[in-house]
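Accompanying notes for the structure given below.
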Number of protein chains: 2
Amino acid sequence: MSKGNLLDAIIAQTKLTKKQTDKQQKIVETAIKLFAEKGYANTSTSEIAKAAMVAEGTIFRHYGTKDNLLLSVILPFIKDSIPTMAEEVFGEIMSKNIGCFEDFLRALLTNRIHFINENREIFQIVVKELLYSDELRKDLLPFFTKNILHQISKVINLYKKRGELIDIPSSTIQRMIFPLIGGYFVSRFVLQPDNLDLDEEAEIGNLIRFIMDGLRKE
Amino acid sequence: MSKGNLLDAIIAQTKLTKKQTDKQQKIVETAIKLFAEKGYANTSTSEIAKAAMVAEGTIFRHYGTKDNLLLSVILPFIKDSIPTMAEEVFGEIMSKNIGCFEDFLRALLTNRIHFINENREIFQIVVKELLYSDELRKDLLPFFTKNILHQISKVINLYKKRGELIDIPSSTIQRMIFPLIGGYFVSRFVLQPDNLDLDEEAEIGNLIRFIMDGLRKE
DNA sequence: ATAATAAATGAGTGATTACTCATTTGTAAG
DNA sequence: CTTACAAATGAGTAATCACTCATTTATTAT
């Protein structure tokens with residue numbers, strides 16, 4: 001894993017959008033399914049080949065190594081998730097100066113839940129390997145923090161100036177919100193992925209109320 | 001993994017407290033270190049043997065299988081963490097009727113952070129494998145929820161009756177607190193385990209204030 | 001000291017791993 | 001139809017995996 005810089009790999013991946021073969025697509029689909037289900041380390045290439053009804057050599061012809069297959073799966077997800085969030089959510093809020101902090105939170109959560117729902121299995125893979133693989137964590141965590149935390153701190157500072165948020169350091173606020181939202185996503189999409197029958201809006205409403213006002217009565 | 005019932009295994013483990021050999025202790029120590037660092041699936045028995053300066057056969061003589069070695073590591077931790085929490089924290093609060101909900105939270109968090117700090121590596125193993133292994137998750141999650149959630153809901157109901165907490169369903173409150181505290185523990189002890197220089201009391205104070213009053217000003 | 005029992009060893013097992021490569025199959029142009 | 005080139009194949013490779021077992025070493029009882 002991790003030959004050189006992951007960011008370079010992401011950029012490289014971005015540039016070449018060469019068309020995929022049918023078999024290639026089948027391989028990636030199957031790999032996503034199996035990696036999400038049993039974890040990268042517990043999934044063998046022969047298993048993927050069999051499930052995708054493809055010769056094992058075909059996998060290595062296209063992806064070279066098993067590591068590379070994993071990166072081919074998660075890099076587009078990472079690459080999409082960060083800029084999309086930055087533009088769609090933060091950009092919108094920061095430029096148009098939309099309503100209150102609650103509205104921002106609602107937009108952010110709705111957007112991210114929607115995105116993860118559409119990439120549920122890849123999200124499971126990223127979470128699992130982020131915890132499991134030292135290498136991946138060392139590469140990805142700084143990437144996340146640099147891109148997301150920076151954006152979030154800007155927003156927090158904005159709303160703090162508006163007087164909507166309590167007057168404690170942004171870093172402290174971040175260290176509360178991040179585990180909460182991250183924990184919520186992991187709990188919902190990784191630990192209990194079968195829990196499909198819940199009122200989406202109500203769920204988000206509860207989260208926001210909790211973040212804003214906590215549990216105390218009155 | 002998971003021959004039959006995990007709870008039976010826990011009970012069985014509880015009963016036999018036969019003394020450990022020096023080599024056995026070294027094996028477990030080394031296994032804990034390597035499992036926490038690289039994950040169970042990425043750690044081979046030969047690697048453990050070499051690092052523990054023990055013949056590979058010795059591992060299997062004592063633990064039979066690699067799965068069993070993992071269970072020997074995490075079961076005592078699980079077995080300790082649940083009852084200890086129930087007795088030391090919940091028992092105390094429920095019987096003596098200590099102060100307000102914030103005091104309960106402070107006692108709970110202080111107690112659990114202390115416990116995890118003393119078993120940092122095993123906590124890392126449990127979290128990683130809980131996410132990575134379907135089998136373990138199927139066995140452990142119900143065990144956690146049955147024991148912990150039930151206790152917590154009793155406490156929540158108590159303080160709700162006292163009028164200290166907002167009047168929403170206990171299950172909703174749980175689905176907010178659990179990911180928050182769990183996410184905080186994972187973030188602190190698994191994702192950023194090197195962050196040792198923080199003011200423990202202030203950190204707990206921030207968490208409690210966030211849980212009680214959220215982020216809104218005033 | 002001797003016998004009896006338990007602990008530890010390490011070479012060896014078949015199965016599985018990620019990966020290679022000479023060969024065959026499909027496809028599209030001249 | 002023939003040529004050219006990429007896609008796909010699957011038998012084969014060395015390495016590593018979890019695990020076994022006959023043998024040796026250490027410990028305890030008599």
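- The phosphate of dT16(C) has neither OP1 nor OP2 within less than 4.0 Å of any side-chain N or O from Ser44(A).
- Leu207(A) CG to Arg209(A) CZ: the interatomic distance, rounded to the nearest 0.5 Å, is 11.0 Å.
- Distances shown here put every side-chain N or O of Thr45(B) at or beyond 4.0 Å from the OP1 or OP2 atom of dC17(D).
- The side-chain tip of Lys66(B) points at the ring of Tyr40(B) from less than 6.0 angstrom away and within 45° of straight on.
- dC17(D) atom C1' lies 12 Å from atom CD1 of Ile48(B), rounded to whole Å.
- Atoms CG (Asn42(B)) and P (dC17(D)) sit 10 Å apart, rounded to a whole Å.
- In terms of the salt bridge (Lys or Arg N to Asp or Glu O under 4.0 Å) criterion, Arg112(A) has no residue partners (sequence neighbours excluded).
- No side-chain heavy atom of Thr21(B) sits under 4.5 Å from any side-chain heavy atom of Ile27(B).
- Near DNA chain D, meaning a heavy atom under 4.0 Å away, there are no residues from residues 27-39 of chain B.
- Distance CE/Met176(A) to CG/Leu215(B): 9.5 Å, rounded to 0.5 Å.
- Using a 4.5 Å heavy-atom cutoff, the side chains of Val28(B) and Gln20(B) are in contact.
- Relative to the axis of its first five pairs, the axis of the last five pairs of the helix from dA1(C)-dT30(D) to dG30(C)-dC1(D) sits at 10°, rounded to 10 degrees.
- Following rounding to the nearest Å, Glu47(A) (CD) and dT17(C) (C1') show an atom-to-atom distance of 12 Å.
- Using a 4.5 Å heavy-atom cutoff, the side chains of Phe185(B) and Val190(B) are not in contact.
- Rounded to whole angstrom, the span from the OH atom of Tyr63(A) across to the P atom of dT20(C) amounts to 16 Å.
- Aromatic ring pairs are classed by plane angle as parallel below 30°, tilted from 30° to 60° and perpendicular above 60°; the pair Phe123(A) and Phe189(A) is perpendicular.
- In this entry the distance linking CG of Leu69(B) with C1' of dC19(D) reads 13 Å, nearest Å.
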Nucleotide N/O to protein N/O under 3.5 Å, stretch nucleotides 6-9 of chain C:
{"residue": "dA8(C)", "atom": "OP2", "partner": "His62(B)", "partner atom": "NE2", "Å": "2.7"}
{"residue": "dT9(C)", "atom": "OP1", "partner": "Lys23(B)", "partner atom": "NZ", "Å": "3.0"}
{"residue": "dT9(C)", "atom": "OP2", "partner": "Ala55(B)", "partner atom": "N", "Å": "3.0"}
{"residue": "dT9(C)", "atom": "OP2", "partner": "Thr58(B)", "partner atom": "OG1", "Å": "2.6"}

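- Distance alone, capped at 3.5 Å, places no donor-acceptor pair between the Ser133(A) side chain and the Leu130(A) backbone.
- Where Ser46(A) and Gly64(A) meet DNA chain C, the nucleotide closest to each residue was compared, and Ser46(A) sits on the side nearer the 5' end.
- Listed by chain and number, the residues in a salt bridge (Lys or Arg N to Asp or Glu O under 4.0 Å) with Glu47(A) are Lys38(A) (sequence neighbours excluded).
- When the P atom of dT20(C) is taken as reference, atom CZ of Phe60(A) falls 8 Å away, rounded to whole Å.
- Sorted by first and then second residue, the salt bridge (charged side-chain N to carboxylate O under 4.0 Å, His left out) pairs with a member in residues 24-35 of chain A form an empty list; sequence neighbours excluded.
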